[in-house]
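Right, one structure below, let's go through it.
Heavy-atom basis, side chains included; hydrogens, waters and symmetry copies ignored.
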Amino acid sequence: VFTSGDCGVLMTMNFDGTSKSPVLADPRCQTEPDWAPGGGVIAFVLEVVSGTLDLYRVNVDGTGLTPLTSEAGTDKDPSWSPDGTRIAFVSNRSGGYRIYTMNPDGTDVVELRAGDSPSWAPDGSRIVYSAAGGSALDLYIMNADGSNPQPLTTSTTFDMTPSWAP
């Protein structure tokens, strides 16, 4: 899955680049897609009104469009846990950007800590993320419940958008 166009439209295609097809027939901006484990469902950012970004989920065939968040502000960077039971995301609903987790239906939202770009460990026990550190952005790791944050980098540049190897 990927986004296409100036605003962003969720698209799927075959591995060889053929059969490009939109997931949704919706003119609103659709960005930052993330597949649920096992495929079939995608979490993504939808610009509901100008400047308001919320998280939604949809089946890959375009059915079952479901809002996951509806708080004021920006919700972004959805990342499914490897077992599909939680989605980590970033929101500025309480001020600065912070990492949260929630159930795949949008319930049980838990605020973890300040940060951006969360990515789950393959076993689901930890989350790597970027956050302000020193004079730039550094990478950190924490337990999936937000406890025990540890710096991975201490840089004078911007270390960001981490991703685990499978």
Within the distance-only criterion (no hydrogens, no angle test), does the side chain of [X] pair as donor or acceptor with the backbone N or O of [Y] below 3.5 angstrom?
X	Y	answer
Asn92	Gly96	no
Asp138	Ser155	yes
Trp120	Arg126	no
Asp16	Thr18	yes
Glu111	Val109	no
Asn59	Asp61	no
Arg28	Glu47	no
Asp77	Ser117	yes
Asp54	Leu46	no
Thr85	Asp83	no

Using only heavy-atom distances, determine whether the side chains of Asp159 and Thr153 contain a donor-acceptor pair under 3.5 Å.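 Result is yes, a qualifying pair exists.
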Is Arg57 salt-bridged to Asp105, going by a charged N under 4.0 Å from an acidic O?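 No.
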Any ion pair linking Arg98 and Asp116 (charged N to carboxylate O, less than 4.0 Å)?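 Salt bridge between Asp116 and Arg98, a charged N being under 4.0 Å from a carboxylate O: no.
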With a 4.5 Å limit on heavy-atom distance, are the side chains of [X] and [Y] in contact?
X	Y	value
Ser130	Phe158	no
Pro82	Pro37	no
Phe44	Glu32	no
Thr69	Tyr56	no
Phe2	Thr12	no

Stepwise, does the side-chain contact (heavy atoms from CB on, under 4.5 Å) test hold for Ser19 with Met13? CA-CA 5 Å; Ser19 298; Met13 71 177 169; 5.8 Å; no
Between Leu24 and Gln30, does the side-chain contact (heavy atoms from CB on, under 4.5 Å) criterion hold? Intermediate values first, please. CA-CA 9 Å; Leu24 288 173; Gln30 310 152 32; 3.9 Å; yes
Spacing of CG belonging to Leu112 relative to OG1 belonging to Thr101, to within rounding of 0.5 Å: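 Separation between the atoms: 4.5 Å.
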Can you check side-chain contact (heavy atoms from CB on, under 4.5 Å) on Trp35 and Val41, steps first, answer last? CA-CA 6 Å; Trp35 286 104; Val41 178; over 6 Å; no
Do Ile127 and Tyr97 belong together in a cluster built from hydrophobic side chains that touch within less than 4.5 Å?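 Yes, one cluster joins them.
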Are Leu137 and Leu139 joined in one hydrophobic group, where the rule is that I, L, V, M, F, W and Y side chains link up if heavy atoms are under 4.5 Å apart?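 No, Leu137 and Leu139 fall in different hydrophobic clusters.
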side-chain contact (heavy atoms from CB on, under 4.5 Å) between Tyr129 and Val90: does it pass, once the steps are laid out? CA-CA 10 Å; Tyr129 62 100; Val90 174; over 6 Å; no
